Number of protein chains: 2
Amino acid sequence: MTGGRPAPTGSAAGLREQKKQRTRAALLRTALEFFTTKGYEETTVDEIAEAVEVSQRTFFRYFANKEKAAFAVQEMMEHHFVEALRARPAEEGPFDALRNSVLGTWDTIGEALTEVVPVDVYLRMLQVIESSPTLLAAHLRRSFEMEEYIARLIADREGLDVEADPRPRVAVASFGGVMRVTGQLWVQGKDASLDALRSLTVSYLDHLTPALATNWRETAPSEAHRSAGGANRA
Amino acid sequence: MTGGRPAPTGSAAGLREQKKQRTRAALLRTALEFFTTKGYEETTVDEIAEAVEVSQRTFFRYFANKEKAAFAVQEMMEHHFVEALRARPAEEGPFDALRNSVLGTWDTIGEALTEVVPVDVYLRMLQVIESSPTLLAAHLRRSFEMEEYIARLIADREGLDVEADPRPRVAVASFGGVMRVTGQLWVQGKDASLDALRSLTVSYLDHLTPALATNWRETAPSEAHRSAGGANRA
DNA sequence: TTGTCAATTGTCAGTCGCTGTCACTAGCCT
DNA sequence: AGGCTAGTGACAGCGACTGACAATTGACAA
């Protein structure tokens with residue numbers, strides 16, 4: 001990409017690229033700002049574009065659709081989560097790995113997106129998502145797709161075949177289901193803090209973990225249930 | 001509003017009502033026909049309206065949006081399922097009740113909608129739903145809302161408080177998750193028959209049932225896991 | 001039968017999300 | 001310097017959906 005020419009601005013390569021990043025960041029910041037204050041449906045793409053002093057067409061050049069802007073941060077977090085899951089020690093049971101990855105992601109949430117948007121905007125955006133029918137639907141579909149991906153990850157680390165053994169998918173589906181329930185309850189509750197979300201998750205997860213097998217390597221598929229335990233608290 | 005009108009609901013009340021029913025049925029039939037042959041996104045509301053010889057505006061007077069038409073039959077099935085669940089004997093464990101209600105609903109699927117659309121249109125519509133991003137998202141949101149409702153039903157029949165005890169929601173979420181996974185796999189598979197869907201469900205459900213408690217009345221919330229068994233096969 | 005009321009519907013205009021096209025400007029490269 | 005091309009704005013257009021208003025038509029009473 002970069003030729004032999006001295007970069008006038010120093011850090012990033014190309015002035016063009018910088019401008020692009022700035023435009024994208026501005027669009028995203030403005031969009032989330034509007035979404036979290038006026039509401040998603042109440043915000044038009046035209047408004048966002050106008051606020052950033054860009055044509056509507058340009059907005060759609062950066063975000064395939066309005067939704068994409070709403071989930072941009074969420075997307076980062078998911079990527080973060082997947083990396084955390086990949087980094088989990090192989091000895092850890094699938095459920096503990098999932099659990100620890102989520103909690104770990106939330107514990108480092110700040111560092112992960114400080115440059116993009118303030119944490120409280122992210123949290124408020126979560127609430128917007130849960131309360132807008134359109135966004136909720138999109139969120140669930142995204143989760144669904146994510147679950148398929150994660151199921152394959154889990155199957156890999158356990159050395160199983162996703163198509164042959166139902167347990168990875170079943171486990172991830174259960175896990176995802178619980179995560180969604182907690183998200184919903186968090187929004188409905190009065191405490192909209194990160195701590196509240198975190199402890200709600202821990203609490204609900206604790207009710208599912210003991211009900212599903214901890215170590216698949218020592219049990220046959222048909223009797224995959226044991227005494228639980230082994231979830232290392234944060 | 002309405003004074004002493006004749007039979008408001010019943011079967012044959014007023015010529016006006018008949019016409020309305022006929023229009024609605026025609027719109028629905030045509031819509032599903034188009035959706036299942038041309039695809040959802042590829043079908044225009046204008047097309048549907050034109051085929052029924054009605055203005056586009058009228059379509060939207062019968063169906064709040066395009067989606068509503070796509071899920072009209074699904075809505076009936078859900079109603080059917082809920083009734084089945086309500087009718088389940090109180091002694092039955094929550095999971096068995098859910099399982100038997102689903103299977104029961106599918107076994108009587110024919111009688112439930114013969115008058116509306118042929119069964120194969122319903123099945124093809126399921127495939128359309130799973131394969132259209134828009135419809136999949138809507139489907140998942142509907143399922144999510146349904147789960148909340150069912151969780152309350154389950155809590156009631158077990159004499160629990162949904163807000164206090166996480167188990168109803170967790171169980172229903174898990175159950176729903178498995179149902180969705182099977183739906184997805186069914187669409188991806190080659191056998192698009194009702195039998196295939198049914199047996200896939202049975203198979204996957206059997207992997208979850210033994211992993212979750214069967215009888216909550218005999219176990220404390222914190223140790224809700226036992227030896228499984230007790231799922232009465234169909 | 002006829003007139004009145006109210007429900008249904010069609011027509012029209014307009015909003016909003018989103019896409020294709022095309023010309024134009026401004027970084028980038030040689 | 002001059003050509004190339006990425007990025008953008010302006011414009012037109014499609015499809016889902018809504019509000020408003022007028023025309024139609026079934027329901028009911030005089």
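Reminder, nothing fancy here: chain letters follow the sequence lines and each chain counts from 1. Computed from a prediction, not measured in an experiment: that's the story for all the values here.
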*How about A:Ser193 and A:Asp191: does a side-chain donor come under 3.5 Å of a side-chain acceptor?*
yes
*Whole angstrom value for the distance that separates C1' of D:dG15 from OH of B:Tyr40*: 11 Å
*Side chain to side chain, B:Met77 and B:Phe81, heavy atoms closer than 4.5 Å*: no
_Check: B:Arg157 side chain, B:Arg88 main-chain N or O, donor-acceptor pair, under 3.5 Å_ = yes
*Set of side-chain hydrogen bond (donor to acceptor under 3.5 Å, both in side chains) partners for B:Asp46, sequence neighbours left out*: none
*A:Gln18 has an atom CD; how far is it from atom P of D:dG7, in whole Å?*
14 Å
*In whole angstrom, give the distance that lies between atom CD of A:Gln21 and atom C1' of D:dA6.*
14 Å
*asked:* With a cut-off of less than 4.0 Å, is there a side-chain N or O of B:Lys19 near OP1 or OP2 of C:dT8?
replied: no
_Tell me the interatomic distance from B:Phe35, atom CZ, to D:dG15, atom P, rounded to whole angstroms._
14 Å
*Specify whether B:Phe95 and B:Phe175 have parallel, tilted or perpendicular ring planes, treating 30° as the upper limit for parallel and 60° as the lower limit for perpendicular.*
perpendicular
*Return the residues of residues 61-72 of chain B meeting this criterion: a heavy atom under 4.0 Å from some atom of DNA chain D. Order them by number, or give none.*
B:Arg61, B:Ala64, B:Asn65, B:Lys66
*May I have the distance from A:Glu41 (atom CD) to D:dT18 (atom P), rounded to whole angstrom?*
12 Å
*Please list residues of residues 43-60 of chain A whose heavy atoms come under 4.0 Å from any atom in DNA chain D, ordered by number; otherwise none.*
A:Glu53, A:Val54, A:Ser55, A:Arg57, A:Thr58
*asked:* Could you check whether any side-chain N or O of A:Tyr40 sits under 3.5 Å from a backbone N or O of A:Glu67, counting only pairs where one atom can act as donor and the other as acceptor?
replied: yes
*A:Ser132 (side chain) donor-acceptor with A:Ile129 (main chain) under 3.5 angstrom*: no
*What's the CZ-P distance between B:Arg24 and C:dT8, to the nearest Å?*
14 Å
*Give a yes or no on whether the backbone of B:Glu47 and the side-chain of B:Thr44 come within a donor-acceptor separation of less than 3.5 Å.*
no
